[in-house]
Q: 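Dumping the structure here so I can ask a few things about it.
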Amino acid sequence: TQNDFMVICNVAKILELVVPLMEHPSETFLATIEEDLMKLIIKYGMTVVQHCVSCLGAVVNKVTQNYKFVWACFNRYYGALSKLKSQHQEDPNSTILTANKPALLRSLFTVGALCRHFDFDQEDFKGNSKVNIKDKVLELLMYFTKHSDEEVQTKAIIGLGFAFIQHPSLMFEQEVKTLYNSILSDKNCSVNLKIQVLKNLQTYLQEEDTRMQQADRDWKKVAKQEDLKEMGDISSGMSSSIMQLYLKQVLEAFFHTQSNVRHFALNVIALTLNQGLIHPVQCVPYLIAMGTDPEPSMRNKADQQLVEIDKKYAGFIHMKAVAGMKMSYQVQQAINTCPKDPVRGFRHDESSSALCSHLYSMIRGNRQHRRAFLISLLNLFDDTAKTEVNMLLYIADNLACFPYQTQEEPLFIMHHIDITLSVSGSNLLQSFKESMVKDKKKERKPSSDEETESDSNSGSDSESEEEASKPRRLRKRVESDSDSDEENDINSVMKCLPENSAPLIEFANVSQGILLLLMLKQHLKNLCGFSDSKIQKYSPSESAKVYDKAINRKTGVHFHPKQTLDFLRSDMANSKITEEVKRSIVKQYLDVSKL
């Protein structure tokens, strides 16, 4: 049963730790252990093989030096692999291969496991042969990573991972870099292979960590006589270079839809950062993004890494905060199972807290950083920033739900929303009005090119005057907001719409940012219970003390920007222009000018 295997594995672990400490163990005892371990390696599954090879490594390398015994076992599996490879080269569809698949899988795994614990290029194993064993093993395993059967590929990659622990320098080989990076970055590549590559890197880093700690303990024993400098430099330099090669692809795995791929990617990054193998600044935006993961264990792990980085390097988090927010939106997009629904920026639970609330709480303590961060986010709503509408919704959600503590924080946002609106808002309305006038003018122009200059000029002049006067009358009506009902307003604007509907769609798109800011301001006002005069009086240059009072949050106030949600759900940006769509855009125009 499963329990029996667990017992075997743990007994092997005990022997691995204890046998090297025994004084004068008897020959027969050692020989029996070796024989029994070998039987288990040949017969049982992966977990047992791993533990038994590890135990055999300790017994042979540290105690018996019975290298011939291990060499024979290695050759048995290595020979089988070579034979299967040449059969496959001759005829990839041969039935012999299908029959031999279990043997192939076992050989790939066992050759790797043996290479992890024994360095077969030592003379003790191969004698005075000139063959380079590690390169031969690499070549064999690499051959099977290109196999058509995914199970074979996976076992070959596991075998490679084992071999790289004994010989990390193999990870610099071009073919290995290409294999690992293409598996990690290819969108269509199987999830199992991605996870296996990440597990390989994780195991390598864990082993390095154990090695370093062991070296540290050994060093302390002899510290008095030795020269400090040489200790530990070589191996950490190697793992640092290795992680630089694969870092970008591992970080990009954070954007995978499957949570277990993200899980292993985060483990690898955490190990890399804890060992100080890379400069942390490049990971900050990715960790901010992972802090929005739906799974609490992953969120906490990413947040913990950020706290550690913040302790050591003040200002890094703030420097990469906006990039991190944008990246967190990408992570949310990847996770979003229902593409019809817009990505939102708060948790759908009773707390409805902002997804990036941890990031904000790290920045809010420093007034200068906090303000710079908030202004950068608000600037994304400017029509010149050309931010996509769903990302604006995501950021507005976060701004609506951040854990503000003092009155200064929401007041500062509202103050800046007012400044943005006074510029962007009026520009937007102006350009909409102009498109109504200008496009009419173009339509009435004589279209044939043969017309003389003066002719077309004189013609269009009078016409444009007449046309221009109509929207002006209309404008007064829209702006004065007279008692005439909304229907009339919509109809009169509809009459002046240009034939070319591109400016309409453009307006609908650009105005979302402005609508979101208006809704956000209204939401913060309701949430904190501010009066208009309080908002008007606020000045960012006033001393901090005036607005240091805590916020009294109202309960049950939710941020629900209906117009933007409708805009995204109906996919208006890509929809056909029907009368109905035109009407809804005109209604939006009138709403914006009223607001």
Side-chain angles (χ1 to χ4, degrees), residues 285 288 318-330 332-333 342-345 354-356 359-360 363 368-402 404 409-435 502-525 535-536 538-541 559 561-568 572-573 585 588-595:
I288 292 172
H318 156 249
M319 190 163 89
K320 293 286 183 190
V322 178
M325 287 272 294
K326 288 181 176 171
M327 235 175 233
S328 70
Y329 169 68
Q330 287 174 284
Q332 291 306 313
Q333 263 184 321
V343 174
R344 301 302 302 266
L355 289 180
C356 296
L359 170 68
Y360 182 76
I363 292 177
Q368 196 184 349
H369 285 178
R370 177 179 78 222
R371 287 182 160 190
F373 173 56
L374 291 172
I375 286 179
S376 310
L377 291 182
L378 291 172
N379 285 344
L380 295 172
F381 290 83
D382 188 338
D383 48 349
T384 53
K386 298 271 184 277
T387 318
E388 61 167 300
V389 176
N390 197 164
M391 188 190 275
L392 291 179
L393 171 67
Y394 175 80
I395 289 169
D397 279 341
N398 274 286
L399 286 166
C401 305
F402 274 155
Y404 304 116
E409 299 162 56
L411 283 169
F412 179 79
I413 293 175
M414 291 152 95
H415 175 78
H416 271 276
I417 288 179
D418 283 341
I419 295 173
T420 310
L421 289 177
S422 63
V423 180
S424 295
S426 38
N427 283 352
L428 181 72
L429 294 173
Q430 189 55 38
S431 64
F432 186 79
K433 288 171 196 164
E434 281 170 11
S435 79
L504 283 185
I505 293 290
E506 171 72 2
F507 170 81
N509 227 331
V510 174
S511 59
Q512 293 308 320
I514 298 212
L515 280 168
L516 279 168
L517 289 181
L518 286 162
M519 303 298 285
L520 175 61
K521 182 183 171 187
Q522 195 54 50
H523 168 79
L524 291 173
K525 189 177 156 184
I535 300 167
Q536 288 296 300
Y538 170 79
S539 154
S541 52
F559 183 60
K562 185 177 174 312
Q563 282 145 311
T564 305
L565 290 168
D566 292 345
F567 175 84
L568 288 165
M572 194 183 281
I585 294 178
Q588 203 175 312
Y589 162 70
L590 293 168
D591 284 351
V592 172
S593 44
K594 202 182 295 175
L595 287 163

Q: Under the salt bridge (Lys or Arg N to Asp or Glu O under 4.0 Å) definition, can you give me all pairs with a residue in residues 508-521, not counting sequence neighbours?
A: Asp418-Lys521
Q: Only counting residues at least two apart or in another chain, list the ones meeting side chain to side chain contact (heavy atoms under 4.5 Å, CB included) with Glu388.
A: Tyr329, Gln333, Asn390, Met391
Q: Parallel under 30°, tilted from 30 to 60°, perpendicular over 60°: which one fits the rings of Phe402 and Tyr360?
A: parallel
Q: In Å, rounded to the nearest 0.5 Å, how long is the span from OG1 of Thr564 to CG of Leu515?
A: 5.5 Å
Q: Working to the nearest 0.5 angstrom, can you tell me the gap between Leu378 CG and Phe373 CZ?
A: 10.0 Å
Q: Side-chain contact test, heavy atoms from C-beta onward, threshold under 4.5 Å: evaluate it for Leu393 versus Val343 and give yes or no.
A: no
Q: According to ring pair (Phe, Tyr, Trp, His ring centres under 6.0 Å), who are the partners of Phe412, at least two apart in sequence or on a separate chain?
A: His416
Q: Please assess Tyr404 against Ile413 for the test side chain to side chain contact (heavy atoms under 4.5 Å, CB included), listing each intermediate value before the final yes or no.
A: CA-CA 11 Å; Tyr404 304 116; Ile413 293 175; 3.1 Å; yes
Q: Would you compute the distance between atom CG of Leu517 and atom CD1 of Ile419 and round it to the nearest 0.5 angstrom?
A: 12.0 Å
Q: Check side chain to side chain contact (heavy atoms under 4.5 Å, CB included) between Val510 and all other residues, then give those that pass, not counting sequence neighbours.
A: Asp383, Leu428, Glu506
Q: Is there a side chain to side chain contact (heavy atoms under 4.5 Å, CB included) between Asp397 and Leu355? Walk through the geometry before answering.
A: CA-CA 9 Å; Asp397 279 341; Leu355 289 180; over 6 Å; no
Q: Atom CD of Gln563 and atom CG of Asp566: how far apart are they, to the nearest 0.5 Å?
A: 8.0 Å
Q: Given the rule in the side chain to side chain contact (heavy atoms under 4.5 Å, CB included) test, do Ile395 and Met325 qualify, once you have shown the distances and angles that lead to the verdict?
A: CA-CA 8 Å; Ile395 289 169; Met325 287 272 294; 4.3 Å; yes
Q: Out of curiosity, Ile417 CD1 to Ile535 CD1, how far, rounded to the nearest 0.5 Å?
A: 9.5 Å
Q: Search all heavy atoms of Ala354 against all heavy atoms of Asn398 and return the closest pair with its distance.
A: CB-OD1, 3.4 Å
Q: Counting distance only, does the side-chain N/O of His369 pair as donor-acceptor with the main-chain N or O of His318 below 3.5 Å?
A: no
Q: Which heavy atom of Ser376 sits nearest a heavy atom of Ala372, and at what distance?
A: OG-O, 2.7 Å
Q: Could you check whether the rings of Tyr538 and His415 sit parallel, tilted or perpendicular, using 30° and 60° as the cut-offs?
A: perpendicular
Q: One pair to check against side chain to side chain contact (heavy atoms under 4.5 Å, CB included): Gln512 and Leu392. What are the steps and the verdict?
A: CA-CA 8 Å; Gln512 293 308 320; Leu392 291 179; 5.6 Å; no
Q: What's the spacing between Leu421 CG and Met414 CE if we round to 0.5 Å?
A: 11.5 Å
Q: Please enumerate all residues that pass side chain to side chain contact (heavy atoms under 4.5 Å, CB included) together with Lys320, with sequence neighbours excluded.
A: Val281, Val284, Pro285
Q: Within the 4.5 Å heavy-atom criterion, are Lys326 and Leu380 side-chain neighbours or not?
A: yes
Q: Could you work out, with side chain to side chain contact (heavy atoms under 4.5 Å, CB included) as the rule, every residue matching Ala396, not counting sequence neighbours?
A: Phe381, Leu516, Phe559
Q: Identify the heavy atoms of Arg344 and Pro561 that sit nearest to each other, and give their distance.
A: NH2-CD, 3.8 Å
Q: Could you tell me if the side chain of Glu409 sits less than 4.5 Å from the side chain of Leu524, heavy atoms only?
A: no
